[in-house]
Asker: 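Quick one: structure below, then a few questions.
The figures here come from the full heavy-atom set of this structure, side chains too, leaving out hydrogens, waters and symmetry mates.
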Amino acid sequence: MNELFDKLIIRIVFAILICLTLIFYKYLHIVFYPSARKQLFRTFYPSKNPADTLHLFSRILGIGVILSGFHFYLGNGLGMAIYDLLLSTIVVFALYLGSLYILESIVLGTYEYSDEVLKRKNLSYGITCFANSLAMAFLAKAILSISKESIIMLTILWLFAMAITGIAMKGFELISKLPFHKLLAKKNIAVAFSYTGFIWGWTLLVTNALEHDLVDLKSYSIQFLLKIILSAIVFPLFKHGLSIIFQLKDESYSPTVHGVEINARSSVGTLNHEAPDIGVGLYEGVLFFTSAFLTGIITASIDFGSFYPVF
């Protein structure tokens, strides 16, 4: 019975420590996002600004995703376990916020948190930030698991992952028929749903490409790049294949016909390409994520083993 109480007390201690790390994150967040200083140090009313609520809790959820990959070993004593937690937390938070800062500089470089969230209450911007936060959290968790406490490998894998992710996000407007920046500025939620499915899908592909045996850096890099190239080839096959097999056709939004802008649906039934329906973005997002998920089966779940003879 005493052992059970001891374990309970230790778990409570770690819960308190995690709360303290959230406080540390709060201050570290200001370093990367100075415009959020006033917002983080005043009373917050979540129901009054849904965009800010999503922005805040996406970061907290992201931290939870990363911490869920931690394993605390008490064999060397409670003090050493606490030390490992605090040291790992500093590295993880710096990695996570650095990843978010780079990604948002690429995707949302022309937007400011204070303008879009605090002033305009742009829910589309909030959903986009939510998608970025969770994507980078799962990516950071995968990198931490593969690097196995090696700072050098952690840095190299992080650079690989961020480079590929940044390039992929630049390609969003090439495969989506929704003009990202134009619709985001107009607070259109459809484009946020479409982007969410896209980034979550490609994050899944990048994490699949990262997860293989780390024998030496050269062979690992080659395997990583080959999986990314294979994903880029197979992804559009599934994307178009799903549309053909299930006869998926969306005619509710078409930005141009022969270079002439089409008006989408208004109150009289005309079309206004400036305001596509939420269903358009939801359809694109689900299609992107499903295609990426199926692509991951091809790139990560096929093990050739001894299928080919060794000469």
Side-chain angles (χ1 to χ4, degrees), residues 14 17-37 40 54-73 80-109 113 128-170 196 199-212 214 217 220-221 224-225 227-228:
F14 274 100
L17 287 174
I18 290 176
C19 290
L20 292 176
T21 60
L22 291 176
I23 296 174
F24 169 72
Y25 160 79
K26 180 178 179 179
Y27 286 91
L28 186 62
H29 188 274
I30 296 172
V31 176
F32 289 90
Y33 300 92
S35 60
R37 179 185 299 272
L40 287 175
L54 273 178
H55 188 274
L56 173 64
F57 281 92
S58 66
R59 264 63 174 173
I60 299 174
L61 279 173
I63 293 171
V65 168
I66 297 173
L67 291 178
S68 67
F70 284 13
H71 297 280
F72 307 112
Y73 179 65
M80 185 58 69
I82 293 175
Y83 172 78
D84 288 340
L85 172 64
L86 295 178
L87 182 62
S88 300
T89 298
I90 295 173
V91 175
V92 165
F93 284 0
L95 175 71
Y96 179 51
L97 287 177
S99 302
L100 272 178
Y101 182 79
I102 293 173
L103 181 62
E104 291 185 353
S105 297
I106 295 172
V107 178
L108 302 170
Y113 164 82
T128 302
C129 291
F130 181 86
N132 288 338
S133 297
L134 291 189
M136 290 300 98
F138 281 103
L139 192 60
K141 181 181 178 181
I143 293 172
L144 288 168
S145 175
I146 297 167
S147 62
K148 300 186 184 301
E149 300 181 356
S150 171
I151 299 298
I152 296 177
M153 290 308 304
L154 176 69
T155 304
I156 293 173
L157 293 179
W158 180 71
L159 291 174
F160 277 166
M162 290 308 302
I164 295 299
T165 303
I167 294 172
M169 293 308 103
K170 280 294 185 180
T196 297
I199 188 173
W200 284 358
W202 273 98
T203 300
L204 179 65
L205 294 178
V206 173
T207 54
N208 285 339
L210 287 169
E211 292 176 353
H212 57 269
L214 183 56
L217 186 58
Y220 183 89
S221 303
F224 174 76
L225 292 176
K227 284 187 176 182
I228 292 297

Asker: Any donor-acceptor pair under 3.5 Å linking the side chain of S68 with the backbone of V65?
Answerer: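 Judged by distance alone, yes, a pair lies under 3.5 Å.
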Asker: For residues I106 and G166, report the shortest heavy-atom separation together with the two atoms involved.
Answerer: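 Looking at all heavy atoms of both residues, the closest pair is CD1-CA, 3.8 Å.
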Asker: Using modelled atom types only, decide if a donor and an acceptor are shared between the side chain of Y220 and the backbone of L210 within a distance under 3.5 Å.
Answerer: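 Yes: the side chain of Y220 pairs with the backbone of L210.
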Asker: Could you measure the distance from the CG atom of L159 to the CD1 atom of I164? Nearest 0.5 Å is fine.
Answerer: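 CD1 of I164 is found 11.5 Å from CG of L159.
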Asker: How far apart are the C-alpha atoms of N132 and S58, what are their side-chain angles, what is the distance that settles it, and do they pass the side-chain contact (heavy atoms from CB on, under 4.5 Å) test?
Answerer: CA-CA 9 Å; N132 288 338; S58 66; over 6 Å; no
Asker: Please report the interatomic distance CD(E104) to CG(L97), rounded to the nearest 0.5 Å.
Answerer: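 Output value for this atom pair is 10.0 Å.
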Asker: Given 3.5 Å as the limit, does a donor-acceptor pair link the side chain of T203 with the main chain of I199, or not?
Answerer: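 Indeed, once roles are kept as given, a pair shorter than 3.5 Å links the two residues.
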Asker: I'd like to know whether L61 forms a side-chain contact (heavy atoms from CB on, under 4.5 Å) with F130, so could you lay out the CA-CA distance, the side-chain angles of the two residues, the decisive distance to 0.1 Å, and finally the verdict.
Answerer: CA-CA 9 Å; L61 279 173; F130 181 86; 4.0 Å; yes
Asker: Do T165 and M136 have side chains that get closer than 4.5 Å, going by heavy atoms?
Answerer: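 Answer yes - side chains close enough.
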Asker: Please round to the nearest 0.5 Å and tell me the distance separating atom CZ of F57 and atom OG of S133.
Answerer: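 Output value for this atom pair is 13.0 Å.
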Asker: With a 4.5 Å heavy-atom cut-off, do L154 and V91 have their side chains touching?
Answerer: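 L154 reaches V91 side chain to side chain.
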Asker: Atom OG of S147 and atom CD1 of I156: how far apart are they, to the nearest 0.5 Å?
Answerer: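 If we round to the nearest 0.5 Å, S147:OG and I156:CD1 are 10.5 Å apart.
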Asker: Enter the distance from F160:CZ to L217:CG here, rounded to the nearest 0.5 Å.
Answerer: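 Rounded to the nearest 0.5 Å, the CZ-CG separation comes to 5.5 Å.
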Asker: Look at the side chain of S145 and the backbone N and O of A142, then say whether any donor-acceptor pair between them is shorter than 3.5 Å.
Answerer: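 Absent.
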Asker: Check the surroundings of atom CD1 in I152: do more than 12 heavy atoms from other residues, nucleotides or ligands lie under 6.0 Å from it?
Answerer: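 Atom CD1 in I152 is not packed in, count stays at 12 or less.
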Asker: For I66 and L144, work out which heavy atoms get closest and say how close.
Answerer: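 Minimum heavy-atom separation between I66 and L144: CG2-CD1, 3.8 Å.
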Asker: Looking at CE of M162 and CG of L103, how far apart are the two atoms once the value is rounded to the nearest 0.5 Å?
Answerer: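 Taking CE in M162 and CG in L103, the distance rounds to 5.5 Å.
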Asker: What class does the angle between the rings of Y113 and H55 fall in, given that below 30° is parallel, 30 to 60° is tilted and above 60° is perpendicular?
Answerer: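 Ring orientation of Y113 relative to H55: tilted.
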Asker: Tell me if a side-chain donor or acceptor on W200 pairs with a main-chain N or O of A131 at a distance below 3.5 Å.
Answerer: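 Side chain of W200 to backbone of A131, a donor-acceptor pair under 3.5 Å: yes, one is there.
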